[in-house]
Asks: 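Below are the structure tokens for one structure; questions will follow.
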Amino acid sequence: MTGTELVIGILLLIMALFLIVSILMQSGKSKKLSGSIAGGAETFFGKQKGQQIDKTLSKVTNVVALIFVVLVLVLLFVDAKNDEKAAEANKNDKTEQTSEADKDESKTDSKEETKDDKASSEEASEEASATESAESVESVVESADNSIEESADAPASSDEVSK
């Protein structure tokens, strides 16, 4: 809320209170129940002065009501201008944030490319070590197979031959 809106709001409050008091002080056209409630000016100021003051209150009430309506319209336009300024400021902020995000994204992309290069080189080294491990396992298996075959081809011991 800006200072202008605050001042207009205070003036509206004062005008509203004045309107309430001035309307209640006027006497009504009918002399029924509503006339007995609203005729505060007659009982407060007397019969003759009440009629004169009633006319004055009527004129003042009309002027204050007109000022009240004008202040409400002014407040509406001031608020609309502030909303436009705020929307423009938000648009500029979003544009700046978008450009900063693009910069950050390009930095992140280059970092990710570097990470991807490192990851691919690590994967290649892992594949090479896995291949070497597989080859070493195969050589161990082959040597075990060869030793089993050699032992099967060897002549039986003397105890087995005698039996």
Asks: Rounded to the nearest 0.5 Å, how far apart are OG1 of T56 and CE of M25?
Replies: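 Atom-to-atom, T56:OG1 and M25:CE are 12.0 Å apart.
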Asks: Supply the atom-to-atom distance L12 CG to I67 CD1, rounded to the nearest 0.5 angstrom.
Replies: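 So the CG of L12 and the CD1 of I67 are separated by 11.0 Å.
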Asks: If you round to the nearest 0.5 Å, how far is OG of S58 from CD1 of I53?
Replies: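 Those atoms lie 13.5 Å apart.
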Asks: Same hydrophobic cluster for L24 and V64, using side-chain heavy-atom links shorter than 4.5 Å among ILVMFWY?
Replies: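 Different clusters.
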Asks: Report the distance from atom CZ of F18 to atom CD1 of I23, rounding to the nearest 0.5 Å.
Replies: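 Here the interatomic distance stands at 10.5 Å.
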Asks: Quick one: which of V78, V72, L76 gives a side-chain contact (heavy atoms from CB on, under 4.5 Å) with V74?
Replies: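 Passing option: V78.
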Asks: Taking T61 for its side chain and L57 for its backbone only, find out whether a donor-acceptor pair lies under 3.5 Å.
Replies: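 Pair found, side chain donor or acceptor close to backbone of L57.
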Asks: State the CD-CG distance between E88 and D83, to the nearest 0.5 angstrom.
Replies: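 Atom-to-atom, E88:CD and D83:CG are 13.0 Å apart.
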Asks: Mind checking whether V7 and V69 sit in one hydrophobic cluster, side chains of I, L, V, M, F, W, Y counted as touching below 4.5 Å?
Replies: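 In one cluster with V7: V69, no.
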Asks: Are F68 and V63 linked, directly or through intermediate hydrophobic residues, by side-chain heavy-atom contacts shorter than 4.5 Å (ILVMFWY only)?
Replies: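 Cluster IDs for V63 and F68 match.
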Asks: Please report the interatomic distance CG(L11) to CG(L75), rounded to the nearest 0.5 Å.
Replies: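 Between L11 CG and L75 CG, I get 10.5 Å after rounding to 0.5 Å.
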Asks: Which heavy atom of L71 sits nearest to which heavy atom of I8, and what is that distance?
Replies: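 Reported closest heavy-atom pair: O-CG2, 3.7 Å.
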